[in-house]
Each structure stands twice: as C-alpha cells, then as structure tokens.
Amino acid sequence: MPTYRAPRGTRDLLPADRAVFDRLMRIAADLTARYGFRPIETPLFEQTAVFERGIGEITDVVEKELFRIAPRTEEAESWALRPEPTAGIMRAYVQHGMQTWPQPVKLTTTGPMFRYDRPQAGRYRQFWQFDVEAVGDAGPAIDAEVIELGHRFYTEAGVRDVEVLVNSIGDPACRPAYVETLKAHYRGHVATLPPTERDRLERNVLRLLDSKDPDMAALNAGAPRITDHLCDACAAHFESVKAHLDALGVPYRVDSGLVRGLDYYTRTAFEFYVAGREGQQQALGGGGRYDGLVELLGGRPTPGIGFGLGLDRVALVLAEQGVVAEVETAPLAVVVGADPEDTVGRLRVATLLRAGGLRARADLGRRKLGRQLEAAGKDGAHFAVILGDELADGQVQVRDLQAGTQRLVAMGDLIRDLARAEGSHKHG
RNA sequence: GUGGCCUUAGCUCAAUCGGCAGAGCAUCGGAUUGUGGCUCCGAAGGUCACGGGUUCGAGCCCCGUAGGCCACCCCA
C-alpha cells in the first residue's frame with residue numbers, strides 16, 4: 001500500500017478517464033456555443049456567506065456538506081469550496097453589474113465542485129459539473145429551452161434512455177400556504193412517522209414528499225400536491241413550460257414529489273435520470289428556476305434558471321451502457337533505429353516531423369530495433385520510421401505497422417508522405 | 001452523519017486445519033549481425049491496508065483505525 005494516496009472521496013482521472021471527460025466537455029462547449037451561452041470562470045472558493053445566503057442555511061449542502069477552509073488568522077474572512085456553481089456565478093453577476101448587459105445573460109461553466117459527504121460510487125467529495133445559467137428572463141419559454149439543452153447534452157454524449165422529471169414548486173406567493181397545508185397533513189399522522197421523517201416535518205416538510213421509506217408511501221399518496229396548490233401565476237407558468245416542452249418534443253414526466261435541496265429554487269424544478277433508475281442517488285443532473293437568488297446576494301430582483309449536470313455520473317452511465325469514446329492519442333509515427341545508441345538521429349527526425357505538424361514519437365531507449373518496433377506497435381502507432389544504412393542515401397524505411405509492409409522514402413519527402421498517409425488513414 | 005460488506009504484487013485473484021506469500025496479465029531484459037505482434041527463458045515487483053491483541057507460530061482468529069463498496073441521509 002502506497003504511503004500517500006488521493007484524499008477520501010477524490011480520485012485521479014487517469015488518461016483514459018480524462019479522455020472521457022475531455023469529450024464530454026467538448027460536447028458541452030460546442031452545444032452551449034450553439035445555444036448562445038458564453039463561458040465564465042469563477043473561483044473554486046467564495047466567502048462562506050455567498051453559499052449560506054444563496055443556497056440556504058438549513059440545507060444539507062450548507063449544514064453538513066460544506067467544505068470550509070480554516071481561517072489563517074482570527075480576522076480572516078471565512079471561505080468555503082464551492083458545492084455548486086450557481087451561487088458564485090450570481091455573485092459575479094451582481095458584482096460586475098451584468099444587469100446592464102443585454103438580457104438574458106446566458107453563462108456556462110464546467111469544473112470541479114466540492115461536498116464533504118460520505119463517498120459512494122458516483123458520489124465524490126470532488127466532482128465535476130457542466131453548468132448553464134440564463135439570467136434575466138422570467139420564462140416560461142426559456143425554461144423549456146434550458147431543459148431541452150440539458151436533454152440534448154445527454155443525447156449527444158450517447159447516454160440512452162434519459163428521462164426528464166419536471167415539477168413546479170411554487171413561489172413566495174403560494175408555497176408558504178402549501179407548506180402549511182402539507183404540515184397539517186403530516187401532523188395528523190405524527191405517531192406513524194419514522195423518526196427521521198418526524199424530525200424533518202417542521203424543518204423542511206417538502207422533503208417528506210420524496211422519502212423512500214416504504215411506511216411513507218401510503219401517507220405520501222394521500223398528501224396534497226403542490227401542483228394543486230399553485231397560485232394562478234405559477235400554474236400558468238408551469239402549463240406554459242410543459243406546452244413548450246411538448247412543442248420541442250422533449251420527453252418528460254411530471255413528478256409532483258420532485259423537490260430540490262437548495263432553498264433558492266422557485267417554480268420550475270427538473271432532474272435527469274436514466275429511465276427506471278429514479279431515486280436521488282442516481283440523478284444525472286438537475287436544475288430549476290431561482291427567481292429570488294440575485295436579490296438574496298444583494299442585487300436587483302432578477303429571475304434566472306439553470307442546471308448542473310454531473311459529469312462523473314454521465315461517465316459512469318456511459319461505461320455501464322458500453323459507450324466507448326474513441327479518442328486519438330496514439331502517435332502517427334514512431335522513429336526507431338538500427339543503432340540503439342543513435343538517440344540524436346531519432347530525436348532529430350522526430351523533431352522534424354513535429355515541426356511539420358505531425359504526431360510523432362522517438363524511441364529514446366537504447367534497445368535493439370526489434371524491441372523498438374514492438375513498443376511502437378503496442379503504442380498504437382500507424383507507422384514506424386526506421387533509421388538505418390539507407391540514411392547514407394538520404395532515405396529511411398517507412399513501415400506500416402498494421403499492414404506489416406514497408407517502403408523506402410527520401411528524407412525530403414517524409415513529412416509530405418506521412419501527412420498524406422494520415423489523411424487516407426482517417427478516411428478509411 | 002447512521003447501519004452493513006470488503007481490503008493479499010500495477011491489475012484480476014489464489015494460499016488446505018493457524019505452519020516457508022503464489023499464479024495469470026501488465027512491465028523490464030534475453031533467445032548470435034537491421035525488423036514488432038506468436039512462442040520460449042529470465043528479472044523485477046509485497047510493511048498480506050495500518051496499529052494493537054491472542055498464540056510456539058497470524059494473510060487466516062479478536063479489537064481499533066483508514067480506505068473502498070452497498071443501503072440510508074442527501075445531492076451531481
């Protein structure tokens with residue numbers, strides 16, 4: 001067992017893993033560009049208050065999962081690693097006066113998030129999210145646009161059977177009354193509530209709705225639904241979001257038990273799952289509308305909507321579904337030589353090829369030719385450029401490692417020859 | 001944060017009743033002159049996760065810790 005290892009809940013993305021992430025990030029960047037979102041980077045840590053105010057102090061994310069940074073001096077500011085990107089981006093929106101930009105401001109970012117909870121497969125203390133935020137448009141059309149974008153990301157990534165769950169969780173005009181109605185419903189059955197659920201009754205009743213406790217099933221079935229208690233404005237908004245989703249052909253299912261764990265959400269809430277694997281653990285992504293957040297962070301009242309998609313989980317599902325991303329990392333050519341000691345010659349030719357724009361490696365180990373060729377083959381190289389006596393006539397052997405054929409090529413023609421071969425390889 | 005299962009070489013796994021830590025793959029080297037994939041030979045690779053206890057003797061039994069996984073909690 002090694003002396004040092006990656007901290008609990010973190011992992012190394014080895015080249016094969018990293019290639020999968022690169023591909024996902026490329027898809028995200030390409031997709032968001034097409035939809036008019038512009039990339040933004042905010043710090044990996046913020047003043048703790050940004051998260052406490054924004055996300056809500058009585059949420060699990062802040063209460064027990066926030067990665068707090070120990071202050072270095074007594075008067076130091078209190079910082080925490082970001083558990084999600086939205087609060088930081090909205091902080092930036094306010095700080096830089098983005099309300100003076102053409103609205104809506106559409107932003108995207110992809111990067112690591114941090115939550116101090118107990119690790120499990122697909123659940124890490126450092127995990128990656130692809131995030132999108134559209135600020136300054138009250139919807140409902142843009143709600144559907146954002147949901148459709150999220151859904152399309154999975155499609156382009158190659159994830160099969162992704163299902164969208166949507167709900168409306170009301171707004172300050174109607175949610176408080178609904179919360180009281182819901183509390184009243186459960187209070188009538190306090191005695192039958194499991195201990196953990198009883199504890200949540202007064203603190204956050206909405207959470208009882210998505211409880212997986214079998215004893216709660218019957219009770220939840222009879223519980224009043226938020227969608228039956230929306231104010232007129234929220235109800236109309238929700239209907240319109242659904243109509244837009246229908247028009248766009250996005251497959252979705254209304255789940256009136258869907259609530260979100262962060263306080264800032266209003267009205268539209270949605271999550272993405274692989275069909276048949278609903279249940280909080282396996283969420284591939286989620287998001288919603290947060291019309292009160294900018295104001296909470298000191299800005300003018302500004303509506304907004306966005307989502308965060310978990311890249312680690314997407315990678316996990318892709319692996320489960322057997323989707324493999326072919327990424328070209330193998331060199332086009334490896335320069336080998338008959339004289340093991342002539343590293344100068346091999347490196348010089350490789351440098352020449354690289355200067356010509358080709359992916360080339362030189363075998364700098366001092367081993368015999370056979371070993372060099374063997375290593376080149378294992379590396380997945382298409383060609384081996386073999387340096388030998390022919391150099392005296394200004395020629396090298398170019399061996400096609402897959403076909404097992406080889407021919408003499410003049411040094412002066414080498415770059416053009418290999419470049420042409422690369423092109424024909426790519427096209428079959 | 002709660003409960004359970006697990007941890008032996010880089011990877012996948014063996015090791016009889018408590019009695020000398022092994023294999024396959026991968027890595028590196030060799031098989032008479034400048035040609036890979038197959039084959040053969042060899043080398044290297046271990047604090048048996050870590051710490052304690054029981055025992056003549058512990059990879060194996062007991063306790064603790066760490067890490068991973070599973071179910072919760074909750075999120076991505």
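If you're wondering where the values come from, they're calculated on a predicted model, not measured in any experiment. Proteins get letters first, then strands, A, B, ... in listed order; numbering begins at 1 in each.
For the P atoms, the distance linking B:A76 with B:G18 amounts to 50 Å, nearest Å. When the P atom is compared between B:C41 and B:G24, the two are found 10 Å apart, to the nearest whole Å. Using P as the reference atom, B:U12 and B:G19 are 26 Å apart when rounded to the nearest Å. A gap of 12 Å separates the C1' atoms of B:C60 and B:U16, to the nearest Å. Between B:A26 and B:U65, the two P atoms lie 41 Å apart (nearest whole Å). Nucleotides B:G30 and B:G57 are separated by 41 Å at their C1' atoms, to the nearest Å. With both ends at atom C1', the span from B:U33 to B:G46 equals 41 Å, rounded to whole Å. Comparing the C1' positions of B:C56 and B:G1 gives an interatomic distance of 46 Å, to the nearest angstrom.
A distance of 8.0 Å separates CG of A:Asn167 from CG of A:Leu230, quoted to the nearest 0.5 Å. Interatomic distance, CG of A:Leu107 versus CG of A:Asp131, reported as 9.0 Å (0.5 Å rounding).
Side-chain nitrogen and oxygen atoms of A:Arg8 include at least one within less than 4.0 Å of the OP1 or OP2 phosphate oxygen of B:G67.
Here B:U35 is the nucleotide among B:C69, B:U35, B:C72 with the atom lying nearest to any side-chain atom of A:Gln397. Distances were taken from every side-chain heavy atom of A:Pro119 (C-beta onward) to each of B:C73, B:G68, B:G34; the shortest belongs to B:G68.
Taking a pair as Watson-Crick or G-U wobble with both distances under 3.5 Å, RNA chain B forms stems of 3 or more consecutive pairs at B:1-7 with B:66-72, B:10-13 with B:22-25, B:27-31 with B:39-43, B:49-53 with B:61-65.
The closest donor-acceptor contact from the side chain of A:Thr108 to the backbone of A:Arg38 lies at 3.5 Å or more, if one exists at all.
Shown here is A:Arg53, whose CZ atom has no more than 12 heavy atoms of other residues, nucleotides or ligands within 6.0 Å.
Across the protein-nucleic acid pair, A:Tyr116 atom OH and B:G1 atom C1' stand 11 Å apart, rounded to whole Å. Between the P atom of B:G10 and the CG atom of A:Asp12 lies a distance of 15 Å, rounded to the nearest Å. Rounded to whole Å, the distance from CD on A:Glu65 to C1' on B:C72 is 14 Å. Separating the CE atom of A:Met113 from the C1' atom of B:A76 is a distance of 10 Å, rounded to the nearest angstrom. Taking atom CG of A:Leu258 as the reference point, atom P of B:A76 lies 11 Å away to the nearest angstrom. Between A:Tyr124 atom OH and B:G68 atom P there is a gap of 10 Å when expressed in whole angstrom units. The interatomic distance linking A:Arg361 (CZ) with B:G36 (C1') rounds to 13 Å, in whole Å. In this structure, the CZ atom of A:Arg125 is 12 Å from the C1' atom of B:A66, given to the nearest Å.
Across A:Arg34, A:Arg26, A:Arg23, a single residue satisfies salt bridge (Lys or Arg N to Asp or Glu O under 4.0 Å) together with A:Glu156, and that is A:Arg34. Tested against A:Glu46 for a salt bridge (Lys or Arg N to Asp or Glu O under 4.0 Å), the candidates A:Arg82, A:Arg91, A:Arg68 yield a single pass: A:Arg91.
Of the residues in residues 362-373 of chain A, those placing a heavy atom less than 4.0 Å from an atom of RNA chain B are A:Arg367, A:Lys368, A:Leu369, A:Gly370, A:Arg371, A:Leu373, in numerical order. Residues from residues 405-412 of chain A with heavy atoms under 4.0 angstrom of RNA chain B, sorted by number: A:Gln406.
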Between the protein and nucleotides 37-39 of chain B, which nitrogen or oxygen pairs come in under 3.5 angstrom?
residue	atom	partner	partner atom	Å
B:G37	N1	A:Leu401	O	3.1

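Judged by distance alone with a 3.5 Å cut-off, a donor-acceptor contact links the side chain of A:Arg118 to the base of B:G3. In the interface, the side chain of A:Arg123 is paired with the base of B:C73 through a donor and an acceptor atom under 3.5 Å apart.
Inter-residue side-chain proximity for A:Leu401 and A:His382 is flagged as unmet; no heavy-atom pair is nearer than 4.5 Å. Residues A:Val294 and A:Val94 meet the side-chain proximity criterion, which asks for heavy atoms closer than 4.5 Å. Inter-residue side-chain proximity for A:Thr302 and A:Tyr93 is flagged as met; some heavy-atom pair is nearer than 4.5 Å.
Taking the six-membered ring for Trp and the full ring otherwise, the centers of A:Phe307 and A:Phe130 sit less than 6.0 Å from each other.
Between A:Arg346 and A:Asp342 there is no salt bridge, since none of the side-chain N atoms of the basic residue sits less than 4.0 Å from a carboxylate O of the acidic one.
If you check the side chains of A:Thr86 and A:Glu133, you find a donor sitting under 3.5 Å from an acceptor. In this structure, a donor-acceptor pair under 3.5 Å is present between the side chains of A:Tyr35 and A:Arg152.
The side-chain contact (heavy atoms from CB on, under 4.5 Å) search around A:Phe127 returns A:Met113, A:Arg115, A:Tyr124, A:Gln129, A:Asp312, not counting sequence neighbours. Evaluation of the side-chain hydrogen bond (donor to acceptor under 3.5 Å, both in side chains) rule for A:Asp137 yields no partner, not counting sequence neighbours.
Sequence order on RNA chain B of the closest nucleotides to A:Leu387 and A:Asp117 puts A:Leu387 first from the 5' end.
A:Ile169 and A:Arg175 make their closest contact through O-CD, 3.1 Å (heavy atoms, listed as atom of the first residue, atom of the second, distance).
Looking at heavy-atom distances under 4.0 Å, A:Glu390 makes contact with a base. Contacts of A:Gly9 with the nucleic acid, taken as non-hydrogen atoms under 4.0 Å apart, involve only primed sugar atoms and P, OP1 or OP2. When heavy atoms are screened at a 4.0 angstrom cut-off, A:Asp389 is found touching base atoms of the nucleic acid.
An aromatic stacking contact links A:Phe127 with the base of B:A76, defined here by ring centres under 5.5 Å apart and ring planes under 30° from parallel.
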